[in-house]
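The next block holds one structure in the form of structure tokens; read it before the comments.
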Amino acid sequence: MKDYLMKLNDNQLKACTDSIGPSLIIAGAGSGKTRVLTYKIAYIIDEMNVNPYEILAITFTNKAAKEMKTRLYNLIGNKRDFVNCATFHSFCAQVLRKEIEVIPGRKRSFQIIDDDETETLVKEAMVELNQDIKLVKPKLYASSISALKSELATLSSFDKYYAEKLEPVYRKYEDLLIKNNLLDFDDLILHTINIFRSHPEILSKYQEMYKYILVDEFQDTSNIQYDLIKMLGEKYENVFIVGDEDQSIYSFRGANIENIRKFMRDFPNYKKFVLDQNYRSTKNILDCANTLIKKNKNRIPKDLWTDSKGGEEVKMDESYSDKSEARDIADEIKRLYYREGYEYKDIAILYRNNFLSRNFEDEFIKDKIPYRIYSGLSFYKRKEVKDMISYLRLSINPDDFYAFKRVINSPRRGIGESTIEKIEAVIDKEEISLSEAIEKVEVYKTVKETLSNFRSMIISLSQELDNKTLEEFFNLVYLRSGYKAYIDSLDEDERKKRQENIDELFNSISEVETLGSTLETLIDYLQNVTLKTDEDIESSDENHVSMMTMHSAKGLEFKIVFAVCLENDIIPGYRADKVSLIEEERRLFYVAVTRAKERLYLSYSDSRYKYGKMNHSEKSVFLDDLEIHSKRKKEISLIEEKPTPPPSGAYSIGDRVNHKINGDGVILAEIEGFYIILFDNIKTPKKVIVNHPLLKKV
DNA sequence: GCGTCCTCGTTTTTT
DNA sequence: ACGAGGACGC
């Protein structure tokens with residue numbers, strides 16, 4: 001037996017070595033899930049003498065796939081290069097590059113479009129059908145089409161009137177995709193599964209090719225992804241799924257927790273392994289997590305346990321305003337840094353919604369606490385990145401109309417909507433290529449000149465492809481397209497930001513594996529670039545506090561976690577009106593809690609600024625289950641900003657008072673330094689400290 | 001074609 | 001509050 005197996009606990013070892021037939025591995029948070037997956041792959045190769053290329057390991061993100069590859073290297077070295085570690089989408093793209101031509105009208109050279117482009121095409125389809133894009137937003141149709149494609153919905157499951165309008169848009173959108181040799185993200189999976197369904201010989205080929213299939217984060221699979229795994233694994237049944245239903249937080253994009261149960265039904269010989277020993281958190285943190293998740297009804301009971309000792313108490317803090325919550329946390333972070341020897345990079349702030357980062361950002365700037373917000377636009381969605389990619393696309397195919405449309409006026413060349421429409425009309429009417437249409441289209445002389453200059457620029461670029469490396473070519477495109485001049489002309493801040501992105505793109509291009517010629521390399525790069533994300537842009541060693549949503553924190557861990565803004569209508573969100581949704585929100589909170597290794601801070605505030613208004617807010621119902629006493633924060637830091645509070649006990653019972661946040665109300669009682677006040681527009685009486693700075697007599 | 005004003009909406013995220 | 005995107009006027 002290989003000595004690396006000694007590093008596993010009993011359950012992990014059993015899960016690794018029992019590798020024939022279907023297995024269900026229930027892996028709790030911090031229980032060594034990735035370790036089991038990688039060791040299992042190593043075991044299958046080393047001990048069962050299986051060829052590495054017979055193994056397919058599927059994850060959801062590129063990041064996870066990459067992580068798996070890295071960790072495999074330490075176990076099996078270069079043999080890992082033959083293991084197919086892919087995401088659902090990249091695996092399907094691989095299959096389709098080979099097999100898609102069995103679908104009439106489809107070509108192997110397809111481009112993959114992201115959902116911005118999907119939305120653009122849906123919009124275009126609607127315009128062609130004379131549908132009002134203000135009446136129904138293209139985005140809504142796009143998401144309905146996505147639901148249809150991922151088999152989450154059928155036309156009849158929609159409202160009849162809506163379906164009648166949606167159906168022609170769907171068809172037109174499909175026409176556009178086929179006409180332009182494009183596939184959207186859902187198509188990758190849908191077409192793969194359709195080919196498998198209609199061509200048993202192709203399915204059988206892939207079943208033979210991949211005799212061992214491992215799927216990570218199984219609780220996040222959608223129905224169609226489940227079907228894909230089921231079909232591929234049906235023959236040999238060596239299907240190993242790893243998941244934790246308590247961490248299922250993506251139902252809004254089709255994840256179906258029931259897939260774990262479907263697996264048990266479809267592979268009745270499955271063996272179950274439960275990894276419930278947590279190696280990440282202290283006992284106190286784990287107890288908190290267990291107490292929390294126990295409240296969910298729709299789950300198979302499971303308690304995580306740990307050998308580690310109690311550790312620090314979980315702290316719960318109440319603030320009276322969103323600003324003071326952020327202020328207090330900034331103070332605490334400084335204390336942890338200066339007094340307790342923690343580094344900033346040990347610390348994470350986790351919140352439910354992106355916009356909640358604002359107050360923390362403000363305070364961290366004030367205190368010069370280094371931070372980084374992980375969120376927002378993914379790298380490949382930024383304008384300058386997409387523009388440059390469009391130029392690259394044009395230089396291998398000067399007739400790529402969508403790429404043309406994207407950059408003909410970026411940087412500005414004085415070509416607008418109407419000229420593009422004219423060109424499009426010519427293409428459609430005369431059924432000619434973009435290049436020909438540019439020659440033929442009737443426009444003002446100056447416009448014509450601009451167009452033909454643009455065209456010669458593109459043509460001359462494409463001629464340079466032969467004698468340049470991809471990096472050199474990229475630089476040339478950047479220069480000749482006028483994009484460099486455009487970036488340079490921007491003002492300082494903008495320029496810096498965009499230049500960074502361009503540089504980053506350049507870096508990612510220089511890391512591309514070189515194929516035969518530069519042209520081939522570029523084609524391969526462009527075919528797969530849409531499937532990439534900013535996976536490897538992070539990982540800087542900078543010492544900063546990490547700020548991110550609870551969703552993005554999944555899979556990560558920090559010594560210290562501040563779970564913040566824990567208020568009703570934030571978590572659980574105001575849209576969570578059904579039990580199943582509230583349970584998902586609770587799982588999200590659970591994910592946040594289980595990120596913490598040493599210390600966990602929970603906090604909420606009595607009031608919060610939202611949409612330009614100060615609103616009363618109340619402690620999240622999830623916190624009620626935790627039996628941790630919340631400490632009310634002292635209100636010192638606010639004094640400098642707010643009017644001097646009146647002396648303690650300045651009011652009497654029955655007085656009408658005004659509270660800056662809660663509005664007018666009447667004092668019902670005074671207990672232990674607090675007034676109990678019934679505010680006019682809050683149903684239940686609130687406790688307010690007697691010398692609250694925001695309290696005035698009416 | 002482009003700049004500016006106004007209206008509208010506003011969860012989470014990956015591919 | 002604020003940003004995106006449409007409407008409108010030059």
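Below, chains carry the letters A, B, ... as their sequence lines are ordered, and counting in each starts from 1. When reading the values below, keep in mind they use all heavy atoms of this one structure, side chains included, and skip hydrogens, waters and symmetry mates.
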With a 6.0 Å cut-off (strictly less than), is the heavy-atom count around CZ of A:Arg97, excluding the residue itself, greater than 12?
yes

Quick one: on DNA chain B, does A:Phe185 or A:Phe355 contact a more 5' nucleotide (nearest heavy atom)?
A:Phe355

Would one find a side-chain N or O of A:Thr419 under 4.0 angstrom from OP1 or OP2 of B:dG1?
yes

Scan A:Gly414 against the nucleic acid and name what it touches under 4.0 Å (heavy atoms): base, sugar-phosphate only, or nothing.
sugar-phosphate

Whether over 12 other heavy atoms sit under 6.0 Å from A:Lys405 NZ:
yes

Students often get this wrong, so: under 4.0 angstrom with heavy atoms, is A:Arg412 touching a base, only sugar-phosphate, or nothing?
sugar-phosphate

What distance, rounded to whole Å, do you find between the two C1' atoms, one in B:dT13 and one in C:dC2?
22 Å

For the P atoms, the ones on B:dT14 and on C:dG3, what distance do you get once it is rounded to whole angstrom?
22 Å

Heavy-atom nearest nucleotide on DNA chain B taken for A:Phe252 and for A:His89; more 5' hit belongs to A:Phe252

Using the side chain to side chain contact (heavy atoms under 4.5 Å, CB included) definition, which of the options A:Val242, A:Ile58, A:Asn259 pairs with A:Phe218?
A:Asn259

Does the distance from a Lys or Arg side-chain N to an Asp or Glu carboxylate O, for A:Lys386 and A:Asp114, drop under 4.0 Å?
yes

Could you state the atom-to-atom distance from CG of A:Asp216 to P of B:dT14 in whole Å?
15 Å

Using only side-chain N and O atoms of A:Arg587, determine if any of them is under 4.0 Å from OP1 or OP2 of B:dT12.
no

Would you say A:Thr549 reaches B:dT13's phosphate, i.e. side-chain N/O to OP1/OP2 under 4.0 Å?
yes

Report yes if a side-chain nitrogen or oxygen of A:Asn354 is closer than 4.0 Å to either non-bridging phosphate oxygen (OP1 or OP2) of B:dT13; otherwise report no.
yes

Across the strands shown, which category fits A:Lys123 at heavy-atom distances under 4.0 angstrom: base, sugar-phosphate, nothing?
sugar-phosphate

Rounded distance (Å) that lies between atom P of B:dT14 and atom CD of A:Gln247:
16 Å

Note: chain A reaches DNA chain C at heavy-atom distances under 4.0 Å over the stretch, first to last nt, 5' to 3', of C:dA1 to C:dA7

Salt bridge flag under 4.0 Å for residues A:Glu217 and A:Lys554:
yes

Nearest whole angstrom, please: distance from the C1' of B:dG1 to the NZ of A:Lys422.
11 Å

Straight-line distance of A:Tyr173 OH to A:Thr120 OG1, nearest 0.5 Å:
9.5 Å

Counting any heavy atom closer than 4.0 Å, what does A:Tyr611 reach on the DNA or RNA strands: base, sugar-phosphate only, or nothing?
base

Quickly work out the A:Leu531 CG to B:dT15 C1' distance and round it to whole Å.
6 Å

With a 4.0 Å limit, can you tell me whether A:Ser90 has a side-chain N or O closer than that to the phosphate oxygens OP1/OP2 of B:dT15?
no

Between CE of A:Met550 and P of B:dT12 the distance, given in whole Å, is 13 Å

May I ask you to say what A:Lys613 touches in the nucleic acid, namely base, sugar-phosphate or nothing, with a heavy-atom cut-off under 4.0 Å?
nothing

Please determine if A:Glu417 and A:Lys422 form a salt bridge, counting it only when a charged side-chain N lies under 4.0 Å from a carboxylate O.
no

A:Glu584 has an atom CD; how far is it from atom P of B:dT12, in whole Å?
14 Å

Do A:Arg253 and A:Tyr250 meet the cation-pi criteria used here (NZ or CZ under 6.0 Å from the six-membered ring centre, within 45° of the axis)?
yes

Looking only at side-chain N and O atoms, does A:Asn409 come under 4.0 Å of OP1 or OP2 in B:dC2?
yes

So, OP1 or OP2 of B:dG1: does either fall under 4.0 Å of a side-chain N or O from A:Ser418?
yes

Using a 4.0 Å heavy-atom cut-off, does A:Tyr574 contact any base of the nucleic acid, only the sugar-phosphate backbone, or nothing at all?
sugar-phosphate

Quick check on A:Lys262: does its NZ atom have over 12 non-hydrogen neighbours (other residues, nucleotides or ligands) under 6.0 Å away?
yes

Describe the nucleic acid contact of A:Tyr250 in one word from base, sugar-phosphate, nothing, applying a heavy-atom distance below 4.0 Å.
sugar-phosphate

Expressed as a whole number of angstroms, how long is the span from A:Asn353:CG to B:dT13:C1'?
13 Å

